[in-house]
Undergrad: 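If you scroll down you'll find the structure; I have some questions about it.
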Amino acid sequence: MNILPRKFYQKDTVIVAKRLLGKKLVRKIGNYEISGIITETEAYRHNDDPASHAYRKITDRNKVMFGDVGISYVYFTYGMHYCFNIVAKKSKVPAGAVLIRAIQPEKGIKKMQENRNLKNLKNLTNGPAKLTQALKITKKHYGIDLTKKSEIYITEGEKIKKIIESPRIGIKNGKEFLWNFKVEN
DNA sequence: TTGAGGATTGGCT
DNA sequence: GCCAATCCTCAAA
């Protein structure tokens, strides 16, 4: 399976968010591999998007959103959770990223259950903080290159049927944008 | 230096 | 449905 090239991420953040649906997220830990198909994403842009971390200005936390595309942006929130994003934007725009909210487990399901300490398959990776826990993604993975075969990378995946567009979840401002994208079951 | 709040989750009512 | 857990980050002073 081919890894998505840097060019894939050099388009409008909203377009990349849609196109990431059906792609495969691969996580290598030691000598085993975990993978899953991306089923839900959200787009976060720059100063046209009040819900984005990059809305105001560049800071220590959000600086990768202003850098090269195809790089991971991991942040910590609510005192206990990590969320996993991919930097994506067209070249004229200074910042933007796509939040990966859910994947459909494919490989290494047992390891994910171990990591989450959970038997129920349904709740394994169907939320942004759940999937980081299942894949053991932490702040250590801030700013890594997802276009190279390393600990985490994204490859070609499956064709998807239909995209459902909704308002983004858990935000105060910017609800008028339908920038949450899901694959129809 | 400090305090308020958050791109969430799971457990309890 | 509601709320606590829990700590990092930002912005104000």
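We name chains A, B, ... by the order of the sequence lines, and we start the count at 1 in each one.
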Undergrad: How far does the C1' atom of C/dC3 sit from the matching atom of B/dG5, given to the nearest Å?
TA: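 Looking at atom C1' only, C/dC3 and B/dG5 are 15 Å apart.
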
Undergrad: For a ring pair (Phe, Tyr, Trp, His ring centres under 6.0 Å) check, start with the C-alpha distance between A/Y75 and A/H53, then their side-chain angles and the critical distance, and finish with the verdict.
TA: CA-CA 10 Å; A/Y75 67 87; A/H53 286 170; 4.7 Å; yes

Undergrad: Counting Watson-Crick and G-U wobble pairs only, both distances under 3.5 Å, name the nucleotide matched with C/dA5, or none.
TA: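 Its partner is B/dT8.
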
Undergrad: If you measure only the distance, is there a donor-acceptor pair under 3.5 Å linking the side chains of A/H141 and A/Y82?
TA: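 Short answer, no.
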
Undergrad: Hey, are A/N180 and A/E165 close enough side-chain-wise for a donor-acceptor pair under 3.5 Å?
TA: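 No pair is found: no donor N or O on one side chain lies under 3.5 Å from an acceptor on the other.
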
Undergrad: Could you check how far CD1 of A/I137 sits from P of B/dT8, rounded to whole Å?
TA: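 Computing the A/I137:CD1 to B/dT8:P distance gives 16 Å.
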
Undergrad: Both A/Y78 and A/R56 contact DNA chain C. Which one's nearest nucleotide lies toward the 5' end?
TA: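 Per heavy-atom nearest nucleotide, the more 5' residue is A/Y78.
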
Undergrad: With sugar-phosphate meaning primed atoms plus P, OP1 and OP2, does A/K175 contact a base, only sugar-phosphate, or nothing at under 4.0 Å between heavy atoms?
TA: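 No contact.
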
Undergrad: Does A/R116 place a side-chain N or O at less than 4.0 Å from the phosphate oxygens OP1/OP2 of B/dT9?
TA: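 Checking B/dT9 against A/R116, no side-chain N or O comes under 4.0 Å of OP1 or OP2.
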
Undergrad: Which part of the nucleic acid, if any, lies within reach of A/I171 when heavy atoms closer than 4.0 Å are counted: base, sugar-phosphate only, or nothing?
TA: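 Contact class for A/I171: sugar-phosphate only.
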
Undergrad: OH of A/Y44 versus P of B/dG6: gap in Å, rounded?
TA: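 Interatomic distance, OH of A/Y44 to P of B/dG6: 13 Å.
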
Undergrad: To the nearest Å, how far apart are A/R168 CZ and B/dT8 C1'?
TA: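 Checked: the CZ to C1' distance equals 16 Å.
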
Undergrad: With a 4.0 Å cut-off on heavy atoms, is A/R61 in touch with a base, just the backbone sugar-phosphate, or nothing at all?
TA: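 If one applies the 4.0 Å heavy-atom cut-off, A/R61 turns out to touch the sugar-phosphate alone, with no base involved.
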
Undergrad: Rounded to whole Å, how long is the line connecting atom OH of A/Y82 with atom P of B/dG6?
TA: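 A/Y82 atom OH is separated from B/dG6 atom P by 20 Å.
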
Undergrad: Which is more 5' along DNA chain B, the nucleotide nearest A/G170 or the one nearest A/Q133? Just name the residue.
TA: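 The residue closer to the strand's 5' end, by nearest nucleotide, is A/G170.
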
Undergrad: Tell me: NZ of A/K130 to C1' of B/dA7, nearest whole Å?
TA: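 It works out to 15 Å between those atoms.
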
Undergrad: Roughly how far apart, to the nearest Å, are B/dA7 and C/dG1 at atom P?
TA: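 B/dA7 and C/dG1 have their P atoms separated by 22 Å.
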
Undergrad: Roughly, in whole Å, what's the span from CG in A/L99 to P in B/dT8?
TA: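 So the CG-P distance, A/L99 to B/dT8, works out to 8 Å.
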
Undergrad: Kindly give the heavy-atom pair with the smallest separation between A/T13 and A/K89, and that separation in Å.
TA: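 Minimum heavy-atom separation between A/T13 and A/K89: OG1-CA, 3.7 Å.
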
Undergrad: Would you indicate what A/A51 reaches in the nucleic acid, counting non-hydrogen atoms under 4.0 angstrom: base, sugar-phosphate, or nothing?
TA: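 Result for A/A51 = base.
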
Undergrad: What heavy-atom pair brings A/L21 and A/I160 nearest, and what distance separates the two atoms?
TA: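 Minimum heavy-atom contact is CB-CD1, 3.8 Å.
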
Undergrad: Which pair of heavy atoms, one from A/A88 and one from A/V69, lies closest together, and at what distance?
TA: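 Looking at all heavy atoms of both residues, the shortest contact is CA-CG1, 4.0 Å.
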
Undergrad: Between A/I169 (CD1) and B/dT9 (P), how many Å, whole number?
TA: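 From A/I169 CD1 to B/dT9 P: 9 Å.
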
Undergrad: Taking the side chain as everything from C-beta on, heavy atoms only, tell me whether A/I164 gets closer than 4.5 Å to A/F181.
TA: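 No, their side chains stay 4.5 Å or more apart.
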
Undergrad: Earliest and latest nucleotide of DNA chain C, 5' to 3', sitting under 4.0 Å from a non-hydrogen atom of chain A?
TA: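 The contact span of chain A on DNA chain C goes from C/dA5 to C/dA11.
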
Undergrad: Sort out the partner of B/dT1 for me: Watson-Crick or G-U wobble, both distances under 3.5 Å, none otherwise.
TA: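 C/dA12 - that is the nucleotide pairing with B/dT1, both distances being under 3.5 Å.
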
Undergrad: Which value, rounded to the nearest 0.5 Å, describes the distance between A/T138 atom OG1 and A/L135 atom CG?
TA: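 With rounding to 0.5 Å, OG1 (A/T138) is 11.5 Å from CG (A/L135).
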
Undergrad: What is the nucleic acid contact for A/N123, judged by heavy atoms within less than 4.0 Å: base, sugar-phosphate only, or nothing?
TA: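 Answer is nothing: A/N123 stays at 4.0 Å or more from every strand.
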
Undergrad: Take the protein atom OH of A/Y73 and the nucleotide atom P of B/dA7, then report the distance between them rounded to whole Å.
TA: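 In whole Å, B/dA7 P lies 9 Å from A/Y73 OH.
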
